[in-house]
Every structure is written in C-alpha cells, then in structure tokens.
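A quick write-up on the structure given underneath.
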Amino acid sequence: MLDINLIREHPELVKKGAAAKRSDVDIDKLLYADEQRRKLIGQIQEFRAAQNVAGERIAKEADKDAKTKAVEEMRELKEKMKTLEAELAEAETTLHALLSLLPNMPSDDTPVGPDESGNVVIRTVGEPTKFDFKPKDHVELGEALGLIDNETGSEVAGARFTYIKGDLALLQNALHQLALSILTDEASLSAVIKEAGLDVPATPFVPVIPPLMIKPEVFQRMARLEPREERYHIPSDDLFLIGSAEHTLGPIHMDETFAEKDLPRRYVAYTPAFRREAGSYGKDTKGILRLHQFDKIEMESFSLPEQSRAEQDLFVAIQEHILKILGVPYQAVQVCTGDMGGPDSRQIDLESWMPGQDKYRETHTADLMTDYQARRLNTRVRRDGGEMQFVHMNDATCIAMGRLLIAIMENFQEADGTIRIPKVLQTWMGGRTHIGK
RNA sequence: GGAGGGGUGGCCGAGCGGUUUAAGGCAACAGUCUUGAAAACUGUAGAUCCGCAAGGAUCCGUGAGUUCGAAUCUCACCCCCUCCGCCA
C-alpha cells in the first residue's frame, strides 16, 4: 500500500509510476473516494461531538420531561448518522480496494521497460563454462547417477513433482550448512560487507523455521495473495500454502513497533515453496527447473528507511559471495518496471549459467519493498527523536535449491559423467571430491 | 475434536450501561533535593484519523448487533491458558 499523502500531493508522479509498472488503477477515482471519505468523516465527527454533549446532559438531567426530550433529540441525530456512516463505509471500501491494487513506485534507478526485454545486465562474473566434451543437462546427469527421479515424482504426486535422492540430497544439505554458516556469523558478514564496499552493520541473521501455511488476511497484508491462481489453497481450513518463506517471515512483526536501536533485524529461513505454476504449462517441463514444490533459503530484513537500499545491496552481495565461492558463473540483472513484482520498488536478479540450456537462468532475486508492505502490516519504528515511521522491508533468495543444484551439476560435470563437488561444500560431503565416483 | 477460563494503555491490574477525558501500581522521561548517585517528592507522557490551526473524533482481541448512550449487554470469529481425547 502506498502512502495516501503521496498520492494526494503528487498524483502525477504516482500516475507515472503506476503506468511504468503496467497498472491500470484509476488514480482520479481513488482521489475522489479519498475526498469523499474525508468530507464524510468531518460530518460524522460533528454529529458525534453533538451526541457526546447531549449524552452528558441526559446523564446529569434531573427533570424527567427534559430528559425525555433530550433522548428524543438524540434519536433523531442517530438516524442521520446512519446514512452518513453507510456512505463512509462505501467510500472507504472503494478507497481501500484501489489502494491495494496500486503497486509500489519504482526506485529512481529502475529502468523503465515493458517486460523482461527491458531488464539491464549490470555485471557479469565468470565466463560461461567451457567443456572439451559435449556437456549433458541436469536431467541426463541426474538420471544416470540416480539423483533425480521425475518419473516416480509424477506417478506419486503428478507433473512437476520429483524425488531428489542420494548425493544430490546430501548436496542440498551441504548448501544449507554453507549458507547458515555465513549468515549467522558476524565475522563472515563483515567480510562480505567489506568486500562489497558497503556501509551496513554486520548484524547476523536469526535462523527461523516459519509456518508453511498462512491465513488469507495475512497473505493480503503481505500483498502476496495475488495472483491467487498461483497459490495452493486448503479449503477445509481456509489456509494457503506459502509460495516462499517470505510470506510468513514478512508478517513476523505485524502490528509491532521497533526501537531504532533494534534495526536492522535480519532473518533467514529454509522452507519448501509451493507454486501452482498456472499459465506455465509446457514451459520448463524438463527436470527440476520449475516444480510445484522446491526448497529455498530466504533472507528477510526490517530496516530504517534510509538504510534499506544498502540493505538490498547487502543481500545481493551475499548472493554473489555464495556463487563466487561455489564457482558458479552468473550475471546480475536490474529488473525493469514492467517485469517487477507489484510490491517491489527495486529488484535485482542473479542469473546463473546453465550449460545444459546454454543460457543464464534466474536463480536469485532481491526485492526492496520500501514501506509498501510495512504500511499494511503496520510494522513501525520509533525513531530516537520519538517520530514513528514505517520500517522498510527487504526480501531475497539466499539459495533456491533446485536451480542451484542444476547450476552445480551442469557446470561441474566431468567427461566421465561424474560431478565435481565445490570445495566449500566438501566438508559436508564426507570430504569427497566427486559425485558418482 | 470435547469441557472450562481468559484477552483492558510498555508491563501488571481495577472497572461489568451513563459524573464520559479508562482507577491504582510498576517501568519510562523531565525537574527538585544531592559533590554524584540512590531514595523521596513534583511534573510529563500512548496510538490512529479529520483539520493550516485552535480543536475534534476514534481506540479496552476482531467484526456485527441491542441502546438516546457500550470496555461494560447479545451474537459470530480470532488468539491465549487449563483439563480430556487423538497424535509426530
């Protein structure tokens, strides 16, 4: 949700931003509803003030006739109030509906573009891996080594479900260990911050195991319930399965107020993510690139408004650090207005090189939501001076397991069909250097 | 799932139809006293909305209802606690 004051004071700016994000919300209609709302509130408050005065009179009045007369007057006031309150409710419904449809405004450095084609590659690290043999894709590698079983997955649960087995399951665990060893360690974070030249505190991430289901009203407050056809819903209990740990990490401080000294507050969670992948039939059907269920380590943080951009840069730096120590080639992409999520103000994606497809594919995303989610979640900070502000929220992938496993399998495959285990993961793989040997 | 109890301001806790501004305590902040601190005393303090402001309105888990008037009565829902059942 945007600040209504921003819309009132700079309607042209909001219209421009909304258009760039391909929203067709009628801002003029929104402003009219806002005006109506304020007018009606004024009138209702006058009535209530009169009511309060009359109420006091009735309570104190000793004369019986005078009392009866005053009660009669109150009764009349009440009738008029009813009409006004109904009108107010209508104006508020309209206003809220339009406000929740309106996306966040893009940051000043976000490129304007219609869709994916407007995204801008901001840096490339490493080179696409070269092989002196014909590289296989992860499906071939996985089947040959007994690591991936899509066939049984679809027999048991349907298309886009899989079994990840053996050393690949161990490798996923190793990635989890690696990620937590960095995120929960202040010294490691300091090193990442220094390497990236950032000016942010090295506050460690608090590891969390959050709920995998969420109530619709909370989902709504996160501005993530839509697109609804993308969500799994459990009708018997009216709960949704989360599509990302972000969905239940974000509301962890709803209706709470931080003290300034408690920010930034950082969380990391390792959870499955459930996605219906509606509308992507026939797309990426091979292997484990696009599944209905995949595991993901997610970072989330609450920060002071003026520090949130640097916080996002830290999240990207952490992502890049992990890819670098693994040795996966990637490129960083600044996502344009037309391709961004609704609540996002600034989005940076990392795309890892996947030799099986001869392409960079999205493995990470880092979203700066500014105060867009915090406003509806009512997550605030009391500044040292006493002022109340909404916090800024950041959310980013730390490791999307399936996709990173693909990158590792395909980039580190050997001519003999085995897979080299990145050095930093070997401690958690029994000291072994290869899968399949 | 069944039975019972409960949700009041940062915290504890009174209020159970109208003298409305929610008693009282603790914690907080400022001041007095003190060499300094503690103690004591005095005072100040919440959030949201409308308004340029003065000021006004709202907020006792949430929502609806009864009433001229609701923290207080009714209903639904949510959450917490205790016991029983089931269960990793």
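The structure presented is a predicted model; accordingly, all values stated were derived computationally and were not measured. Quick note on labels: first sequence line is chain A, next is B, and so on, each numbered from 1.
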### Task
Write down the distance between CZ (A:Arg48) and P (B:U58), rounded to a whole number of angstrom.
6 Å
### Query
Within a reach of under 6.0 Å around CE of A:Met213, are more than 12 heavy atoms found that belong to other residues, nucleotides or ligands?
no
### Distance between P atoms of B:U74 and B:G5 (Å, rounded)
13 Å
### Task
Write down the distance separating the C1' atoms in B:A38 and B:C50, rounded off to the nearest Å.
47 Å
### Message
B:C49, OP1 or OP2 - any side-chain N/O from A:Arg38 closer than 4.0 Å?
### Response
no
### Query
For A:Ile41 and B:C50, what is the distance between atoms CD1 and P respectively, to the nearest whole Å?
6 Å
### Query
If we call it a pair only when both distances are under 3.5 Å in a Watson-Crick or G-U wobble match, what pairs with B:G1?
B:C84
### Task
Using the P atom on both, measure B:G69 against B:G15 and round to a whole Å.
26 Å
### Protein-nucleotide distance (A:Ile44, atom CD1; B:U48, atom P), rounded to Å
21 Å
### Message
For the P atoms, the ones on B:A22 and on B:G10, what distance do you get once it is rounded to whole angstrom?
### Response
14 Å
## Note on the structure
Picking from B:C79, B:C50, B:A47, the nucleotide nearest the side-chain atoms of A:Lys215 would be B:C79
### Task
Could you tell me which nucleotide pairs with B:C73 by Watson-Crick or G-U wobble geometry, both distances under 3.5 Å, or answer none if nothing does?
B:G65
### Query
Is there a Watson-Crick or G-U wobble partner for B:A39 with both distances under 3.5 Å, and which nucleotide is it?
none
### Message
Quick check against the 3.5 Å criterion: does A:Asp137 have a side-chain atom that pairs as donor or acceptor with the backbone of A:Glu140?
### Response
yes
### Query
A:Leu84 has an atom CG; how far is it from atom P of B:A57, in whole Å?
16 Å
### Task
Could you state the atom-to-atom distance from CZ of A:Phe47 to C1' of B:G69 in whole Å?
17 Å
### Query
More 5' along RNA chain B: A:Arg8 or A:Lys82, using each one's nearest nucleotide?
A:Arg8
### Query
Given atom CG of A:Asn5 and atom P of B:C50, what is their separation to the nearest angstrom?
7 Å
### Task
Using the C1' atom on both, measure B:G85 against B:C77 and round to a whole Å.
25 Å
### Query
RNA chain B: A:Gln45 or A:Ile4, which has the more 5' nearest nucleotide?
A:Ile4
### Query
So what's B:G9 paired with, Watson-Crick or G-U wobble, going by both distances under 3.5 Å?
none
### Shortest non-hydrogen contact from A:Asp26 toward A:Leu98
O-CD1, 4.3 Å
### Task
Using a strict 4.0 Å threshold on nitrogen-to-oxygen distance, state whether A:Glu143 and A:Lys286 make a salt bridge.
no
### Query
What residues, two or more places apart in sequence or in another chain, satisfy side chain to side chain contact (heavy atoms under 4.5 Å, CB included) together with A:Glu217?
A:Lys215
## Note on the structure
When both distances are under 3.5 Å in a Watson-Crick or G-U wobble arrangement, the nucleotide paired with B:G55 is B:C50
### Task
Return the value, rounded to whole Å, for the distance between atom CG of A:Leu40 and atom P of B:U58.
16 Å
### Query
Is any side-chain N or O of A:Arg382 closer than 4.0 Å to OP1 or OP2 of B:G10?
no
### Task
Could you measure between the two C1' atoms, the one in B:G43 and the one in B:C79, and give it in whole Å?
39 Å
### Message
Name the residue from A:Glu311, A:Arg309, A:Met393 that meets the side-chain contact (heavy atoms from CB on, under 4.5 Å) definition with A:Ser303.
### Response
A:Glu311
### Query
P atom, B:G1 versus B:G18: distance in rounded Å?
38 Å
### Query
Which whole-number value in Å describes the distance from A:Asp238 CG to B:A76 P?
19 Å
### Message
Would you measure the distance from the P atom in B:G7 across to the matching atom in B:C12 and give it in whole Å?
### Response
12 Å
